[in-house]
Amino acid sequence: MSINVIDATNFIKDAFYAMPVFSDENGNNISGVYGALYKLKSMLSENEEALFAFSFERDNESEYTPAVVDQTEKFAEILKGAEIPGLLDVSNGESASPELIAYLEGELLKLSPTGKVSVVPKFELNISVTSDLGEVEEIFKKAHEYGTGAIDNYIGYFLMREREADKSLGKKDTFGIALCYGEKNVIYIPLENFITESYIGNKLSELSKDCSLATFDIKDGYDLFMPFEISERTTGYDKEDTGYLTSPKCFDTLIGAYLCNPIKNDYSVEDISKEYLKIPFEKRNDIFGKSGIKEADAGKIADYACKAAYICKACAPLIREKLSKTGMENLFYNIEMPLSYILFAMEKEGIIAKKDELKAYSDKLAVRISELEKVIYEAAGCEFNINSPKQLGEVLFEKLGLPAEKKTKSGYSTAADVLEKLAPDNKIVADILEYRGLAKLKSTYADGLAAYIAGDGRIHTSFNQTITATGRISSTEPNLQNIPMRTEEGRLIRKVFVPKEGYVFADADYSQIELRILAHMSEDKGLIDAYHEGKDIHRITASKVFHVPFEDVTPLQRRNAKAVNFGIVYGISSFGLSQDLSISRSEAKEYMDKYFETYPGVKEYQDKVIASAKADGVSDTLFGRKRPIPELKASNYNLRQFGERVAMNAPIQGTAADIMKIAMINVFFRIKRENLKSRLILQIHDELVIETAPDEKDTVTEILTKEMENAADLSVPMEVDCHIGNDWYESK
DNA sequence: TTCGTCACG
DNA sequence: ACGTACGTGACGAAT
């Protein structure tokens with residue numbers, strides 16, 4: 001009798017790669033664990049005298065892909081679950097236990113409930129590779145023939161690019177391009193010799209004149225080529241324009257997939273493949289790992305790029321169909337696609353940040369921070385890490401015995417609203433609050449921003465178009481949408497953001513756009529009239545809610561009315577309002593009731609959008625953007641409540657995002673059409689910043705004001721404030 | 001990676 | 001009886 005010691009991870013790995021792709025009902029690839037169980041069962045059945053022992057040790061973790069490691073763990077769980085004495089001595093001098101074999105059969109069935117393994121479709125592509133100029137010319141010629149004519153003859157392309165690791169930020173390495181047209185043929189063209197970035201760029205430009213191009217993350221390729229529809233566009237956003245229905249356009253599967261479902265976390269090309277084609281596709285990082293594409297095998301690069309290009313080609317019509325069915329084609333073709341180019345242009349433009357001044361500001365902060373540190377340690381009677389909420393909580397609430405509001409999972413809450421209550425009576429707490437504020441300014445802003453200044457002296461943020469659930473854009477690396485504003489000391493940071501020599505900033509922002517959108521969407525007469533009066537909206541609301549003449553509204557009344565206005569937009573709850581105003585829940589409830597009495601249309605509207613979202617599971621903006629709200633069907637009460645607040649807020653925040661995007665398109669293309677030197681450089685949700693040539697100040701002010709005010713026709717005016725300044729502190 | 005905190009609209 | 005304002009991203013600490 002022999003004892004077979006088997007390395008479990010290798011056993012799984014062999015199965016994983018030997019088996020066809022099998023998936024469970026969720027579409028997860030379970031080839032490894034399924035194949036391993038099947039093989040084990042066979043071995044036991046065939047070789048009744050054998051004895052198997054599995055070793056789950058792994059010497060070199062990085063040798064295995066995450067999928068193999070996952071499935072090995074799953075395999076271990078299943079074996080543990082056998083509860084048959086001695087899987088390790090199966091025969092025990094006897095034959096393999098029938099119970100064990102039955103158990104393994106049961107587990108196989110569990111993995112595949114139908115009793116059959118669902119065989120997932122695989123890519124069946126004819127992949128070829130060439131950099132031969134003559135061949136490449138021929139390929140683009142054929143692609144052009146294929147793509148000319150039928151709009152659904154998408155040409156899929158995928159640029160194999162990677163951000164350079166060390167060189168100045170934003171630079172990208174291009175390794176090649178995969179091109180897919182016709183059914184199954186995909187060609188990978190590595191960039192070498194005559195095949196350069198500009199060669200590929202020209203070819204794509206030409207194709208974009210006559211053909212439908214489908215890709216993934218189109219913004220990533222705009223430095224190679226400007227699509228024809230962008231270079232030809234001068235009219236901005238045109239409500240009457242239905243040209244997109246017949247004329248070929250660029251199609252970004254990433255943006256399309258995002259619009260179809262904006263609440264996902266993952267919009268990788270792998271994820272799109274799984275969702276729309278049901279074909280699993282190994283993740284890019286799992287294939288190329290941390291060493292990057294540069295080190296990767298040429299065959300793997302071609303294989304990956306070709307599959308990605310095919311996915312773009314195959315998914316484009318499916319996603320387009322979905323966009324059409326959900327009424328989002330206009331949003332996609334006339335707003336999001338042109339916007340992607342504008343975001344690219346803004347990123348490329350960047351904004352000057354003065355490095356020396358950031359350094360000086362940082363040094364100044366450091367002095368005060370170390371002073372505070374000393375004082376805090378003395379008052380505490382010990383040294384500790386003030387930045388650690390855990391250590392801070394122990395010092396304040398245990399060592400010093402201050403009254404604690406236990407809040408977080410892991411211990412005492414030391415959040416600002418808690419500390420602020422203690423600060424008046426405890427100097428150490430006031431010092432800690434100051435320390436916190438300065439530490440934040442130093443780490444995130446002074447030092448943080450300095451690290452992003454590129455070789456041209458400018459910061460090039462990334463504007464992300466496919467992140468938020470509501471349709472807003474976001475900004476990362478660095479985030480330029482959360483530069484301090486509310487406190488003077490923080491606001492000073494904005495002085496380091498300056499226009500280029502001789503230029504000025506023009507900064508325009510919408511006045512209470514979300515509340516105006518609420519007025520429009522709710523059709524509440526009182527609120528609409530209030531906006532037509534053109535006076536301070538919070539004061540008007542206070543006057544109506546508290547039944548006092550407009551002139552007699554007290555500052556407190558105005559403040560309360562303003563908080564309620566905000567609360568309404570967020571999807572109000574009496575608790576939230578009470579927290580914000582530091583009042584009791586019942587008082588907050590009273591304010592809300594009075595507000596709804598004043599503006600009954602708002603209440604009706606909120607009930608209506610909740611009912612509608614409950615009925616079809618999504619909320620809608622004025623421009624048809626959808627946000628699914630699965631929380632409304634949750635069994636958990638709090639989650640359902642959250643869903644209701646989202647149903648109230650998403651149409652408003654989302655419509656504001658839509659309107660701002662339209663404004664950006666109109667501003668951008670007017671600047672282009674009028675051949676101005678000024679450039680759009682920032683968007684902060686309801687605010688646009690333009691680096692403005694001195695002789696274009698008035699023109700740009702007019703463009704910003706008019707294009708933003710007229711981006712949509714609402715039943716209330718949209719008001720825009722525009723300021724000129726020599727830095728962002730001045731212009732805001 | 002996750003958490004707590006805090007910057008913005 | 002429970003635990004909440006909506007939407008983001010970055011940092012330092014702890015895991």
Side-chain angles (χ1 to χ4, degrees), chain A residues 262-263 384-393 407-420 432-433 435-449 451-452 461-464 467-487 489-491 493-494 509-515 518 563-581 585 588 592 619 627 629 631 636-654 656-657 660 682-688 728 732:
Chain A
I263 61 172
F384 64 101
N385 189 340
I386 309 168
N387 289 317
S388 159
K390 187 165 175 275
Q391 293 181 37
L392 180 61
K407 272 216 315 204
T408 66
K409 294 168 213 171
S410 40
Y412 308 104
S413 169
T414 66
D417 57 339
V418 176
L419 297 192
E420 270 157 21
I432 287 165
L433 282 168
Y435 173 94
R436 277 251 183 92
L438 300 181
K440 174 93 178 178
L441 285 175
K442 185 171 188 304
S443 65
T444 303
Y445 299 103
D447 299 342
L449 288 172
Y452 283 102
T461 185
S462 291
F463 286 112
N464 314 298
I467 297 287
T468 72
T470 54
R472 280 187 173 181
I473 60 176
S474 86
S475 158
T476 48
E477 293 181 287
N479 183 352
L480 292 184
Q481 292 180 320
N482 72 346
I483 303 302
M485 176 71 189
R486 292 169 188 169
T487 68
E489 55 184 352
R491 197 172 180 163
I493 282 278
R494 291 173 176 242
D509 70 298
Y510 281 113
S511 157
Q512 299 138 3
I513 188 169
E514 294 190 344
L515 209 49
L518 175 68
V564 180
N565 276 334
F566 266 93
I568 292 288
V569 168
Y570 290 156
I572 199 158
S573 75
S574 57
F575 181 86
L577 184 63
S578 72
Q579 287 291 298
D580 188 53
L581 287 176
R585 250 184 97 155
M592 283 169 55
S619 71
R627 165 164 181 175
I629 313 180
E631 293 87 350
N636 180 307
Y637 174 79
N638 289 319
L639 213 49
R640 274 202 313 281
Q641 287 298 300
F642 172 70
E644 294 196 2
R645 293 197 295 273
V646 166
M648 292 185 265
N649 172 264
I652 296 175
Q653 191 182 122
M660 177 52 105
L682 292 179
Q683 188 253 42
I684 309 97
H685 311 306
D686 65 350
E687 170 189 359
L688 293 177
W728 199 8
K732 177 63 188 164

Euclidean distance, atom CZ of residue A:F642 to atom C1' of C:dC2 [Å, nearest integer]: 17 Å
Touch class at under 4.0 angstrom, heavy-atom based, for A:S475 against every strand present: sugar-phosphate
Sugar-phosphate only, base, or nothing, as touched by A:V569 at under 4.0 Å among non-hydrogen atoms: nothing
Between C1' of C:dG7 and CG of A:N464, the distance in whole Å: 14 Å
Mind listing the N/O atom pairs, protein and nucleotides 11-13 of chain C, below 3.5 Å?
| from | atom 1 | to | atom 2 | distance (Å) |
| --- | --- | --- | --- | --- |
| C:dA13 | OP1 | A:N385 | OD1 | 3.3 |
| C:dA13 | OP1 | A:N385 | ND2 | 2.4 |
| C:dA13 | O3' | A:S388 | OG | 3.3 |

Sugar-phosphate only, base, or nothing, as touched by A:N479 at under 4.0 Å among non-hydrogen atoms: sugar-phosphate
Positional range of nucleotides in DNA chain B within the contact set of chain A, heavy-atom, under 4.0 Å: B:dC3 to B:dG9
Nucleotide C:dT8, atom P - distance to CD of A:Q683 in whole Å: 14 Å
Chi angles and distances behind the side chain to side chain contact (heavy atoms under 4.5 Å, CB included) call for A:K390, A:S410: CA-CA 8 Å; A:K390 187 165 175 275; A:S410 40; over 6 Å; no
Touch class at under 4.0 angstrom, heavy-atom based, for A:I684 against every strand present: sugar-phosphate
Dot-bracket encoding of pairs in DNA chain C, which uses [ ] for pseudoknotted crossings and | for another strand, Watson-Crick or G-U under 3.5 angstrom: .....|||||||||.
Steps toward side chain to side chain contact (heavy atoms under 4.5 Å, CB included) verdict (A:I386, A:F384): CA-CA 6 Å; A:I386 309 168; A:F384 64 101; 4.0 Å; yes
Residue-phosphate contact under 4.0 Å: A:S474 side-chain N/O, C:dG9 OP1/OP2: yes
From CA spacing to verdict: side chain to side chain contact (heavy atoms under 4.5 Å, CB included), A:M648, A:I568: CA-CA 8 Å; A:M648 292 185 265; A:I568 292 288; over 6 Å; no
Value in whole Å for how far the C1' atom of C:dC6 lies from CD of A:Q481: 15 Å
Touch class at under 4.0 angstrom, heavy-atom based, for A:R486 against every strand present: base
N/O donor-acceptor pair under 3.5 Å between A:S462 side chain and A:E477 backbone: no
A:Q653 vs A:S573, nearer the 5' end of DNA chain C by closest nucleotide: A:S573
Spacing of the P atoms in C:dG3 and B:dC6 (rounded, Å): 22 Å
Residues, nucleotides or ligands: over 12 heavy atoms within 6.0 Å of A:F566 CZ: no
OP1 or OP2 of C:dT8 under 4.0 Å from side-chain N/O of A:R472: no
A:Q683-A:Q481 side chain donor-acceptor pair, cut-off 3.5 Å: yes
Atom pair distance, as rounded to whole Å: CD1 in A:I473 and P in C:dG9: 11 Å
Interatomic distance, A:L438 atom CG to A:E489 atom CD [nearest 0.5 angstrom]: 5.5 Å
Distance below 4.0 Å between A:R627 side-chain N/O and C:dG7 OP1 or OP2: yes
Between CG on residue A:N387 and OH on residue A:Y435, distance to nearest 0.5 Å: 4.0 Å
A:M648 CE - C:dC6 C1' separation (whole Å): 10 Å
Among C:dC6, C:dA10, C:dG3, the nucleotide that comes nearest once only the side chain of A:Y570 is considered: C:dC6
Gap between atom CZ of A:R585 and atom OG of A:S574 - 0.5 Å precision: 4.0 Å
Touch class at under 4.0 angstrom, heavy-atom based, for A:I652 against every strand present: nothing
Point-to-point distance, once rounded to the nearest 0.5 Å, from CD1 of A:I629 to CZ of A:R645: 12.0 Å
Gap between atoms CG and P, on A:L480 and C:dA10 respectively (whole Å): 10 Å
A:T476 side chain vs A:N479 backbone, donor-acceptor pair below 3.5 Å: no
Sugar-phosphate only, base, or nothing, as touched by A:G571 at under 4.0 Å among non-hydrogen atoms: nothing
Sugar-phosphate, base or nothing in reach of A:A469, heavy atoms under 4.0 Å: sugar-phosphate
Touch class at under 4.0 angstrom, heavy-atom based, for A:A416 against every strand present: sugar-phosphate
Touch class at under 4.0 angstrom, heavy-atom based, for A:A588 against every strand present: nothing
C1' gap between C:dA5 and B:dT2, integer Å: 24 Å
Salt bridge flag under 4.0 Å for residues A:R472 and A:E514: yes
Sugar-phosphate only, base, or nothing, as touched by A:I572 at under 4.0 Å among non-hydrogen atoms: base
Separation of A:Q653 CD from A:D686 CG (nearest 0.5 Å): 11.0 Å
Value in whole Å for how far the C1' atom of C:dA1 lies from CZ of A:R585: 12 Å
Touch class at under 4.0 angstrom, heavy-atom based, for A:D686 against every strand present: sugar-phosphate
Between B:dA7 and C:dC2 - P atom distance, rounded Å: 32 Å
Quiz item: A:R640 side-chain donor-acceptor pair to C:dT4 base, under 3.5 Å: no
Side chain to side chain contact (heavy atoms under 4.5 Å, CB included) between A:Y570 and A:L577, worked out: CA-CA 10 Å; A:Y570 290 156; A:L577 184 63; over 6 Å; no
